[in-house]
Amino acid sequence: MTAQILDGKATAAAIKSDLTARVAALKEKGVTPGLGTVLVGEDPGSQKYVAGKHRDCAQVGIASIQRELPATATQEEIEAVVRELNEDPACTGYIVQLPLPKGIDENRILELMDPDKDADGLHPMNLGRLVLNEPAPLPCTPFGIITLLRRHGVEIKGAEVVVVGRGVTIGRPMPLLLTRKSENATVTQCHTGTRDLASHLKRADIIVAAAGVPHLIRPEDVKPGAAVLDVGVSRDASGKIVGDVHPGVAEVAGWISPNPGGVGPMTRAQLLVNVVEAAERNADGVR
Ligand SMILES: Nc1nc2c(c(=O)[nH]1)N[C@@H](CN(C=O)c1ccc(C(=O)N[C@@H](CCC(=O)O)C(=O)O)cc1)CN2
């Protein structure tokens, strides 16, 4: 079997085309959505992701607000930028690019953000709203993955899903989304403390690999026909992406997300969705 491709690039392009029309409608009402980004330090990966986010904004007509601080920025300096974006009426929503440099209290920064401007859905208030089944901006990579599966006709309802990883951007929120009534999946969360990862993987209809361990998911671990989403972004010596999924998995799986070109573009598309939805709520005078 050769797996079908979960094409994130094409799916993101379709989402962006829909958003372009929604942004144009907002502009007719005198509202221009604006995405802010806070980038601290010079990590080349983070710089690339943030640049991609602003390229996407330009494509769909969202205004860009970019704040950059050196790796030596203090907690107070970063918090000052967060406060400034909280107050800036041109900024509909914003993100603080993660990870932040060592020594910075990431949680304190996230908590300081205005939850109504949280374009990543990672503010504790919004994660809480997700737990309570209340409307909230959805974390970008997890919801991007669900959209990718839905748009390719992969059955989520009733599926056994194994999520590998427990980080704040993917692993933690992913099961919250998958177990909502709209998805109705059964989720097992695996992590570095899991005793027998292979036995869990082998039962999975869908695997979300977000461990950051190159080629962790091997062909022999995967049930034939399963959908496998590769979220891992390790780099080899030349800077090329090495995912969490071994290339041989494509011979066993029914569906596979390429990496690059799978989950990454979906993460960026979902971010734009969150910004446009926030602008639409503001335009309608809702929350
Ligand atoms: N505040 C946040 N920080 C981080 C998040 C996040 O969702 N919010 N997720 C990741 C990084 N990330 C988003 O910021 C991200 C990762 C990958 C891509 C992407 O488009 N990747 C391309 C490949 C790019 C390359 O060649 O390096 C792809 O997969 O095709 C976009 C965004 C951690 N931080």
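First listed ligand is number 1; within each ligand, the first listed atom is number 1.
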_Salt-bridge contact R150-E183 (side-chain N to carboxylate O under 4.0 Å)_ =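 Looking at E183 together with R150, the answer is yes, because their closest N to O distance falls below 4.0 Å.
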
*asked:* Do the side chains of R67 and E84 get close enough for a salt bridge, i.e. N-O under 4.0 angstrom?
replied: yes

Within this structure, what is the [atom1]-[atom2] distance for the pair [X] and [Y], rounded to the nearest 0.5 Å?
X: I170; Y: T267; atom1: CD1; atom2: OG1; value: 7.0 Å
X: I156; Y: N184; atom1: CD1; atom2: CG; value: 10.5 Å
X: R108; Y: Q75; atom1: CZ; atom2: CD; value: 4.5 Å

Purely on distance, is any nitrogen or oxygen of [X] under 3.5 Å from one on ligand 1?
X: L98; answer: yes
X: P260; answer: no
X: N259; answer: no
X: T267; answer: no

Which part of [X] is near ligand 1, with near meaning a heavy atom under 4.0 Å away: side chain, backbone, both or neither?
X: R235; answer: side chain
X: P265; answer: both
X: L122; answer: neither
X: R268; answer: side chain

*G52 near ligand 1, heavy-atom distance under 4.0 Å?*
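Under 4.0 Å: no for G52.
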
*Does ligand 1 have any atom that is closer than 4.0 Å to a heavy atom of K53?*
yes

*asked:* Can you tell me if K48 has over 12 outside heavy atoms packed within less than 6.0 Å of its NZ?
replied: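 No - once you tally the heavy atoms of other residues, nucleotides and ligands closer than 6.0 Å, there are 12 at most.
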
*For atom NZ of K9, decide whether the heavy atoms of other residues, nucleotides or ligands shown that lie under 6.0 angstrom number more than 12.*
no

*Would you confirm whether any non-hydrogen atom of the protein falls under 4.0 Å from atom 25 (C) of ligand 1?*
yes

*Of the listed options D43, I95, D120, closest to atom 1 (N) of ligand 1 (non-hydrogen atoms)*: D120

*Taking the minimum heavy-atom distance to atom 30 (O) of ligand 1, which of A269, A51, A210, G261 ranks first?*
G261

Atoms of ligand 1, numbered as shown, that sit under 4.0 Å from any heavy atom of [X]:
X: K48; value: 25 (C), 26 (O), 27 (O)
X: Q97; value: 1 (N), 3 (N), 4 (C), 11 (C), 13 (C), 14 (O), 34 (N)
X: I241; value: 23 (C), 25 (C), 26 (O), 27 (O)

_Passing option when Y94 is tested against D88, D120, N86 for side-chain hydrogen bond (donor to acceptor under 3.5 Å, both in side chains)_ = N86

Counting non-hydrogen protein atoms only, what is the nearest one to [atom]? Give residue, atom name and distance.
atom: atom 19 (C) of ligand 1; answer: G264 CA, 3.5 Å
atom: atom 5 (C) of ligand 1; answer: T169 CG2, 4.0 Å
atom: atom 15 (C) of ligand 1; answer: Y49 CG, 3.6 Å

*asked:* Checking side chain to side chain contact (heavy atoms under 4.5 Å, CB included) between I65 and each of L85, L35, V38, which is the one that passes?
replied: L85

*Might you point out which heavy atoms bring P137 and D118 nearest each other, and give the distance in Å?*
CG-O, 3.4 Å

*Return the minimal non-hydrogen interatomic distance between S46 and L98, and the atom names on each side.*
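So the two residues come closest at OG-O, 4.1 Å.
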
*Taking atom types as modelled, is there a side-chain donor on H54 or T37 under 3.5 Å from an acceptor on the other?*
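Per modelled atom types, H54 and T37 side chains form a pair under 3.5 Å.
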
